[in-house]
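Comments concern the structure below.
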Amino acid sequence: MTKIDIIQDVYEKLGLTKRESAQVVESVFEIMKDNLAKGEKIKISGFGNFVVKEKKPRRGRNPQTGEEIQISARRVLTFKSSQVLRKALNA
Amino acid sequence: MNKSGLIEELSRRENLTEKKAAEVVNLILKGFVEELKKGGRIEIRGFGSFVVRSYNSYTGRNPKTGKNIEVAPKKLPFFKVGKELKERVDKGE
């Protein structure tokens, strides 16, 4: 499933034009991205939580050369699925 | 931000009624759950992708009691962040 399938679904079921459907679906993901880029979490009940985590710098190794390198501090996005979703997948 | 915050923001940005915005968000989420239940993959360019991974049963241990327990086979959803979002989150903009 890709954005095209979602847009088609919105178009067929919600009485919007193709253009409007594409626009609103795009907007949903833009809102989520803008929010996460600011470092704020998103909690979608019944689906899961998207959380930005701060990672401290750490020592790593280049697996190809074996050379030791410093991995810089960074922010990463994690997803924790909701209990409801995990139950639904195993029902 | 939670689901109602997302719906409000969508209604504001796109000039939709809150009802219509809620329908859009709920339809997308329903589609996601149905796709994952089928074992399918969801790929949103610039955002990320969701896949379901299957695990066989294994013998685990209750960390509190130390008792061995048989863990049933299970399926878990996984999210892999897309390149654009990954970069934006790291930069914080």
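Proteins come first, then strands; the chains are lettered A, B, ... in the order of their sequence lines, and each starts at number 1.
Cluster annotation: A:Leu89 and B:Val51 are assigned to distinct hydrophobic clusters (Ile/Leu/Val/Met/Phe/Trp/Tyr, side-chain heavy-atom contacts under 4.5 Å, transitive). B:Leu36 and B:Phe78 are assigned to two separate hydrophobic clusters, defined by single-linkage of ILVMFWY side chains at heavy-atom distances under 4.5 Å. Cluster annotation: B:Met1 and A:Val51 are assigned to distinct hydrophobic clusters (Ile/Leu/Val/Met/Phe/Trp/Tyr, side-chain heavy-atom contacts under 4.5 Å, transitive).
With sequence neighbours left out, A:Gln64 forms a side-chain hydrogen bond (donor to acceptor under 3.5 Å, both in side chains) with no residue at all.
For residues 12-31 of chain B, there are no ring pair (Phe, Tyr, Trp, His ring centres under 6.0 Å) pairs, not counting sequence neighbours. Residue pairs meeting the ring pair (Phe, Tyr, Trp, His ring centres under 6.0 Å) criterion with at least one partner in residues 42-77 of chain A, sequence neighbours excluded, are A:Phe47-A:Phe79, A:Phe47-B:Phe32, A:Phe47-B:Phe50, A:Phe50-A:Phe79, A:Phe50-B:Phe47, A:Phe50-B:Phe79.
Between the CD1 atom in A:Ile44 and the CG atom in B:Leu6 there is a gap of 5.0 Å [rounded to 0.5 Å].
Contact count versus chain A (heavy atoms, under 4.5 Å) is highest, among B:Gly82, B:Pro73, B:Gly46, for B:Gly46. Interface check for chain B: of the options A:Leu16, A:Ile42, A:Val25, the most heavy-atom pairs under 4.5 Å are formed by A:Ile42. Among B:Leu85, B:Val25, B:Val81, B:Leu16, the residue making the largest number of heavy-atom pairs under 4.5 Å with chain A is B:Leu85.
Residue B:Ile7 does not touch chain A at all, counting heavy-atom pairs closer than 4.5 Å. With a threshold of 4.5 angstrom between heavy atoms, A:Val76 approaches chain B through N, CA, C or O but not through any side-chain atom. The contact between A:Ile6 and chain B is made entirely by side chain atoms (from C-beta outward), counting heavy-atom distances below 4.5 Å. For B:Val89, the parts lying under 4.5 angstrom from a heavy atom of chain A are both the backbone and the side chain.
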Which side chain or backbone donor-acceptor pairs connect chain A with chain B at less than 3.5 Å?
from: A:Met1; atom 1: N; to: B:Arg41; atom 2: O; distance (Å): 2.8
from: A:Met1; atom 1: O; to: B:Glu43; atom 2: N; distance (Å): 2.7
from: A:Leu14; atom 1: O; to: B:Lys20; atom 2: NZ; distance (Å): 2.7
from: A:Gln23; atom 1: NE2; to: B:Glu14; atom 2: OE1; distance (Å): 3.1
from: A:Gln23; atom 1: NE2; to: B:Glu14; atom 2: OE2; distance (Å): 3.1
from: A:Ser27; atom 1: OG; to: B:Glu14; atom 2: OE2; distance (Å): 2.8
from: A:Lys33; atom 1: NZ; to: B:Glu84; atom 2: OE1; distance (Å): 3.2
from: A:Asp34; atom 1: OD1; to: B:Arg88; atom 2: NH1; distance (Å): 3.3
from: A:Asp34; atom 1: OD1; to: B:Arg88; atom 2: NH2; distance (Å): 2.8
from: A:Asp34; atom 1: OD2; to: B:Arg13; atom 2: NH1; distance (Å): 3.1
from: A:Asp34; atom 1: OD2; to: B:Arg13; atom 2: NH2; distance (Å): 2.9
from: A:Lys41; atom 1: O; to: B:Met1; atom 2: N; distance (Å): 2.9
from: A:Lys43; atom 1: N; to: B:Met1; atom 2: O; distance (Å): 2.7
from: A:Lys43; atom 1: O; to: B:Lys3; atom 2: N; distance (Å): 3.3
from: A:Arg75; atom 1: N; to: B:Asp90; atom 2: OD1; distance (Å): 3.0
from: A:Arg75; atom 1: NH1; to: B:Asp90; atom 2: O; distance (Å): 3.0
from: A:Asn90; atom 1: OD1; to: B:Lys75; atom 2: N; distance (Å): 2.7
from: A:Asn90; atom 1: ND2; to: B:Lys75; atom 2: O; distance (Å): 3.0

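The side-chain heavy atoms of A:Leu85 and B:Val33, taken from C-beta on, include a pair separated by under 4.5 Å.
When each of B:Ile44, B:Leu29, B:Val24 is tested with A:Val28 by the rule side chain to side chain contact (heavy atoms under 4.5 Å, CB included), just one qualifies, namely B:Val24.
The neighbour count for A:Ile69 CD1, taken as heavy atoms of other residues, nucleotides or ligands under 6.0 Å away, is above 12.
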